[in-house]
Amino acid sequence: MFEPVDPKMDFPAMEREILRWWEEAGIVEKYLRRNEDSPKRFSFIDGPITANNPMGVHHAWGRTYKDMFQRYKTMKGFRQRYQNGFDCQGLWVEVEVEKELGLDSKREIEQFGVERFVELCKERVRKYAAVQTGQSIRLGYWMDWDNSYFTMSDENNYTIWHFLKVCHERGWIYEGTDVMPWCPRCGTGLSQQEVVTEGYREMVHPGLYLMFPLLDREGESLLVWTTTPWTLTSNTGAYVHPDLAYAKVLTEDGEVLYALKSRLSEIKRGYEVIEEMPGRALDGLRYRGPFDELPSQRGVEHRVVLWEEVSESEGTGIVHTAPGAGAEDFKISKQTGLAVIAPLDEFGVFVDGFDWLTGRSVFEVNDGIYESLKAKGAFFRLEDYTHRYPVCWRCDTEVVFRLVDEWFISMDELRDKIADVARRVRWIPEFGLQRELDWLRNMDDWMISKKRFWGLALPVFKCGDCGHVEVIGSETELEARAVEGWDDFAGHSPHRPWIDAVKIQCSECEAVVPRIKDVGNVWLDAGIVPYSTIGYRNDRDYWKQWFPADWISESFPGQFRGWFYSLLVMSTALEDTEPFRNLYSYATMRDGKGEEMHKSKGNAIWFEDGAEKMGVDSMRWLYSRQSPVANLNFGFSTADEVRRRFIIPLWNIYSFFVTYANIDGYDPSAGGPPAGERPELDRWILSELNSLTQSVTQSLDGYEPEPAARRIEAFVEDLSNWYVRRSRRRFWKSDADQDKLAAYTTLYECLTTLARLLAPFIPFVTESMYRNLAAPIADARESVHLEAFPEADESLIDGGLSSAARLAMRLSSLGRAARSQAGVKVRQPVERALVKLRSASEEMRLDSVASQVRDELNVKELSVLDDESQVSRFDVRLDFSKVGPKYGPRTKEVSAALEKSDLAEVAALAQSGKPVPVGAFTLEPDELVVASGAIEGYSVASEGGYTVAVPTDISPELRLEGAARELVHLLQNMRRAADFDITDRIVVYYEGDAALDEVIGLHAGYIRQETLADDVRRGTPPEGAHVEERSVNGLSARLGAMRQAR
RNA sequence: GGGCCAGUAGCUCAGCCGGUUAGAGCGCAGUCCUGAUAAGACUGAGGUCCCUGGUUCGAGUCCAGGCUGGCCCA
């Protein structure tokens, strides 16, 4: 006996129950050890999840893939490490801890105490690592949770040191001066990677027009436009486009101005053009700067330079440049020789040398700047200007551009090597490679420093006396080189502030040198994991066994220049080899309407909410069937649809099976007839099952979950809507014969195979099914997840069976359409259906499925249309897939000849299987597709060369039979309404229309059999019977069903 | 300006190696079946497969150019 199955399962409750059992029975433990002695290895290396907040449903998407492939490989017998990773260090954690503490700047952190602050960062990471672990377990993600790696670990940090030392030895590490996007609140530069990720906001800035008076042309000025007035303090030049047309104009207010001709409308007052010239004519003109009175501007020459990128679509075509406050400007200044003035300190406050501005924040000086410009007569016009402008990705503060010293890894020598390594990897989807190469072509040197507290301590020591730079590659090297502070540091993790105590001696000048204060870029932390987590430094043999990863997976946004990039850079530098062989990547999660999910918008779904409302199997299936290149629209209704369309039908089949298996006492351990000796329907579904197993295996071996999931859906649909639908009677008939046993055995095999095939996708439903179904089998494993993945038995795959079943389904569908058209319901038997197929070989095939089609369409007889005289219209077409290749360019002539032929004649010949002369050609019958348009006395439906026709006239006998079936239908409904058991026997009573006697007289046996009635009697139903007044095909009846004692 | 992706029904998306009558789900209208019963099936309406050219006997599918949207880089 199987446990009875609740057809209205509460899936989330079931999942919780199974989680409890997994825990109690130690199943995960057994799973993790299942293959520990296997010679086959599958190396998955986890991209660390930031342990800074609870995980969301979008993380569950990626984790579903990770779990699926590890489970699949486990079932296939591969030994694995099952190691999860947590990303720990970096600004994102600092910002959250700052919020908790109510701190708002680096100064406040320093006052609070860096040591306490860093401890709190560590604590936060541990807390959320635990939260995410719990959530992942709820998802059914089976990992070795006690063995997760943390990027803040000593080993991770020291392995990065090693990497940096290798880079340094090759001369790639340098300290550079550059203008970087800078967050004045966080007090740190933002790397290229950080700014381009969601780092832009729409904002309103001043659009300020002002004049730069030309020194060499008295009374004439350049008209300039800027959206960052504060940078005017550091102006040293103005760009004009060399080739565009500029104009000199006289305004109605008497100003003589230069501006781009196409932008003169910006003047917004009356003017006349005095002269036109190309931009290059203005090259080198000197002008009086807007803030020449500031000490920092002393001695600076301001002049016009040419730049081809000057925009024609905004401003005046004359662009103010402050090379100390703009990234592009700084680069250009190296060629033009324009002076560089750096105005801001790390908090965005003006430094010394800026007179009244010094000590004031960049965000509060605009009004003063306007006043000053007005006083100097340089102010022209001010308006609001809305544009996208970078903000700090962590705290949303508006970014400034600031001249700073940062540390970089030079990419000049690495760039091409990395590209070669990237090309050795299989990228899924394929275009991933193009994206990565595109990034590799465009990237700048990698900025690895950050002026913060919580992160990798860059092991860089720069001598204050002689400028010599040294990079320390390990903790032992540091200890050996330490001349000061080692005792204070010993016993601590290599983080600030403890590490800052250690000083070394300069190997050039013997000065005592402290570490630079900077911490590292977070992508270093994640990029090193294929080295740090598998013993690269300390156990090279072990490392070689697991490196490179066979498979990694993350979503695209950010990763091509984030994790994928850092993995490639670091592995190329260390070993010049690929750190992973296959990469599976996927798009972005949106809400149910396709809009971006944001906590602030209120359309984000918490993982727990999702899990408890939809059940994680629904979520997991939704993810599994998603095309990875497309964004996933995720919502409660989409998950619900998945449950309705896939999980519930699957469950219904299972529940159906268990219901009848229990009634019949089916015992799977007793075996059944050999597959080859079972009825065609069984052999068909087994063929489909094995072919499914084959293609799912192939897809998963190729790391493509989506086609696997879609194939499984199609199979479940066939199983439900054809196999079970067609087999129902076999299960509930009363004889216990071979046919019934074959049906049970077949459906049992389908369900247990499906449970194993689906186990990596939906671990809960499959576990529930498998445990119940496998219980009677002596050597079954206790959990489906300890089972082997199904192996396809190719000998059971038979394309002919598949075609026959497709044919049956198609004919049934057409027959229903024909019935529907004529208004004859399926319950009403009809004499015959006429069918017309595409070929003679299909007619052979028809025999094997004719009984199914007859049954499905409720017809007495199924025959191939042979009396062509009844057909009043023929539709004959070429089968181009055969004719095309054979006749090539002459296909059109064949087609034209056919159109001129007598279609009835052609059809007749084709039907009889003889060669058909068509014009100058002779066609084989199977090169033609013949359909019948209309047939006298029939309702006809045609599609794709198939025709099914059913008669529109019904004989009186058939009407009576129809009424009997109607009666059975009503009685069945009454049985259910009365809540009788499926096996209860009844006595039927009826009163009403006299014509009922004839119906019942003829079909009492049938009615008794179908409704499990011992007798059918005319008369008033006794007390206690279930009674309903009904119309039976127009005959009024009062029906009673009386349950008999068991 | 460059790279990548997408454009198929009202909406969300399938469509393998090119085969001539393009599918599913949701939604809408209607019907049916049901001893899987708070499921299921069918029918119908709804398409310029973004546009233009090319290759081909044949193009939603391949090629070129363009348009629109998204992502990325300048």
Side-chain angles (χ1 to χ4, degrees), chain A residues 5 7-8 192 196-197 308-309 328 429-439 441-444 556-558 560-561 587-588 592-594 625-627 629-633 637-638 640-642 644-646 648-649 651-660 663 706-707 710 713-714 717 720-722 724-725 728-729 731-733 812-821 823-828 856 858 875 877-895 929 931 941-945 968-969 971-973 975-977 980-984 1010-1012:
Chain A
V5 175
K8 293 165 209 157
Q192 200 184 356
V196 294
T197 332
E308 293 187 346
E309 304 295 313
E328 189 76 37
E430 277 176 29
F431 65 75
L433 175 61
Q434 293 315 314
R435 282 211 185 171
E436 192 62 54
L437 293 177
D438 186 46
W439 164 254
R441 274 191 294 275
N442 288 305
M443 71 192 179
D444 297 336
F556 332 123
F560 291 101
R561 57 177 180 271
T588 311
K593 293 180 200 136
R625 70 188 301 284
Q626 172 70 18
S627 161
V629 300
N631 290 334
L632 169 58
N633 296 348
S637 61
T638 38
D640 201 51
E641 192 182 318
V642 161
R644 278 200 347 265
R645 286 198 47 225
F646 180 68
I648 290 185
W651 192 260
N652 280 343
I653 301 168
Y654 163 58
S655 143
F656 171 87
F657 171 82
V658 167
T659 304
Y660 288 99
I663 289 172
E706 179 210 355
R710 288 181 188 270
E713 284 185 354
E717 163 123 3
S720 170
N721 290 331
W722 196 252
V724 172
R725 178 188 169 84
R728 269 184 304 209
R729 219 161 245 280
F731 291 101
W732 54 263
K733 67 185 174 185
S812 300
S813 163
L814 282 171
R816 277 191 290 263
R819 271 178 167 277
S820 167
Q821 224 171 285
V824 183
K825 50 172 109 168
V826 180
R827 209 181 293 134
Q828 172 62 56
E856 194 68 18
N858 196 15
D875 178 20
R877 291 185 305 111
L878 293 172
D879 183 344
F880 283 96
S881 65
K882 298 202 173 82
V883 176
K886 183 165 166 186
Y887 290 92
R890 302 192 68 194
T891 306
K892 275 182 180 160
E893 296 173 41
V894 181
S895 181
V929 178
S942 290
E943 189 187 58
V968 166
H969 166 65
L971 288 165
Q972 302 285 33
N973 283 343
R975 286 182 61 110
R976 186 169 28 263
F980 294 167
D981 192 81
I982 287 174
T983 54
D984 283 340
E1010 291 294 309
T1011 60
L1012 293 188

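As the structure is a prediction and not an experimental result, all values here were calculated from the model. First the proteins, then the strands, lettered A, B, ... as listed; each starts at 1.
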For A:Arg728, the salt bridge (Lys or Arg N to Asp or Glu O under 4.0 Å) test, sequence neighbours excluded, returns none
Choose from B:rG3, B:rC32, B:rG19 the nucleotide whose nearest atom is closest to any side-chain atom of A:Pro885.
B:rG19
C1' spacing across the pair B:rA22 / B:rU8, given as an integer number of angstrom:
8 Å
Does B:rU68 have a Watson-Crick or wobble partner in any strand here, with both distances under 3.5 angstrom, and which is it?
B:rA6
Atom-pair distance (CZ on A:Arg710; P on B:rA14), nearest Å
6 Å
B:rG47 pairs with, by Watson-Crick or G-U criteria that keep both distances under 3.5 Å:
none
Nearest whole Å is fine: how far is B:rG15 C1' from A:Glu706 CD?
12 Å
Quick one: side-chain contact (heavy atoms from CB on, under 4.5 Å) partners of A:Asn652, sequence neighbours excluded?
A:Ile648
Give one of base, sugar-phosphate or nothing for A:Leu878, where a contact means two heavy atoms less than 4.0 Å apart.
nothing
A:Phe431: partners by ring pair (Phe, Tyr, Trp, His ring centres under 6.0 Å), with sequence neighbours left out:
A:Phe556
Assigned glycosidic conformation for B:rC71 [threshold 90° from 0]
anti
Contact between A:Leu1012 and A:Arg975 at the side-chain level, heavy atoms closer than 4.5 Å - yes or no?
yes
What is the pairing partner of B:rA24, taking Watson-Crick or G-U wobble pairs with both distances under 3.5 Å in any strand?
B:rU12
To the side chain of A:Phe880, which of B:rC57, B:rA36, B:rU20 is closest?
B:rU20
Nearest listed nucleotide, side chain of A:Phe431, among B:rC5, B:rA36, B:rC32
B:rC5
Whole Å only: how far is the CG atom of A:Asn442 from the P atom of B:rC72?
14 Å
Does some side-chain heavy atom of A:Met443 sit less than 4.5 Å from a side-chain heavy atom of A:Arg561?
no
Distance below 4.0 Å between A:Arg561 side-chain N/O and B:rC73 OP1 or OP2
yes
With rounding to the closest Å, how many angstrom separate the C1' atoms on B:rC73 and B:rC50?
26 Å
Using a heavy-atom cut-off of 4.0 Å across all strands, would you classify A:Arg819 as base, sugar-phosphate, or nothing?
nothing
Residues that A:Val883 engages under side-chain contact (heavy atoms from CB on, under 4.5 Å), provided they are two or more places apart:
A:Leu878, A:Tyr887, A:Thr891, A:Val894, A:Glu927
Considering only atom C1', compute the distance from B:rG10 to B:rC51 and round it to an integer number of Å.
22 Å
Tabulate atom names and distances for all N/O pairs under 3.5 angstrom spanning the protein and nucleotides 38-45 of chain B.
{"unit_1": "B:rA38", "atom_1": "OP1", "unit_2": "A:Lys8", "atom_2": "NZ", "d": "3.3"}
{"unit_1": "B:rA39", "atom_1": "O2'", "unit_2": "A:Asn652", "atom_2": "ND2", "d": "2.6"}
{"unit_1": "B:rG40", "atom_1": "O2'", "unit_2": "A:Asn721", "atom_2": "OD1", "d": "3.4"}
{"unit_1": "B:rA41", "atom_1": "OP1", "unit_2": "A:Asn721", "atom_2": "ND2", "d": "3.2"}
{"unit_1": "B:rU43", "atom_1": "OP1", "unit_2": "A:Ser813", "atom_2": "OG", "d": "3.2"}

Provide, to the nearest angstrom, the distance between the CD atom belonging to A:Gln434 and the P atom belonging to B:rG3.
11 Å
Which nucleotide wins on minimum distance to the side chain of A:Arg435, given the candidates B:rC4, B:rA36, B:rC13?
B:rC4
Under the side-chain hydrogen bond (donor to acceptor under 3.5 Å, both in side chains) rule, collect the residues that match up with A:Asn721, sequence neighbours excluded.
none
Nearest-Å distance once atom C1' is located in both B:rG60 and B:rA9:
14 Å
Among B:rA74, B:rC33, B:rA36, which nucleotide has an atom closest to any side-chain atom of A:Ile653?
B:rA36
Let's see if you can work this out: which of B:rC73, B:rA36, B:rC33 has an atom nearest to the side-chain heavy atoms of A:Phe656?
B:rA36
Collect all protein-nucleotide pairs involving nucleotides 63-66 of chain B in which both atoms are nitrogen or oxygen and the distance is under 3.5 Å.
none

Checking A:Pro7 now: which residues fulfil side-chain contact (heavy atoms from CB on, under 4.5 Å) with it, not counting sequence neighbours?
A:Ser655
Please name all residues satisfying side-chain contact (heavy atoms from CB on, under 4.5 Å) with A:Glu856, sequence neighbours left out, ordered by chain then number.
A:Trp722, A:Arg725, A:Arg726, A:Ser812, A:Arg816
Just so I know, are the side chains of A:Arg625 and A:Glu713 near enough to count as touching, which here means a heavy-atom distance under 4.5 Å?
yes
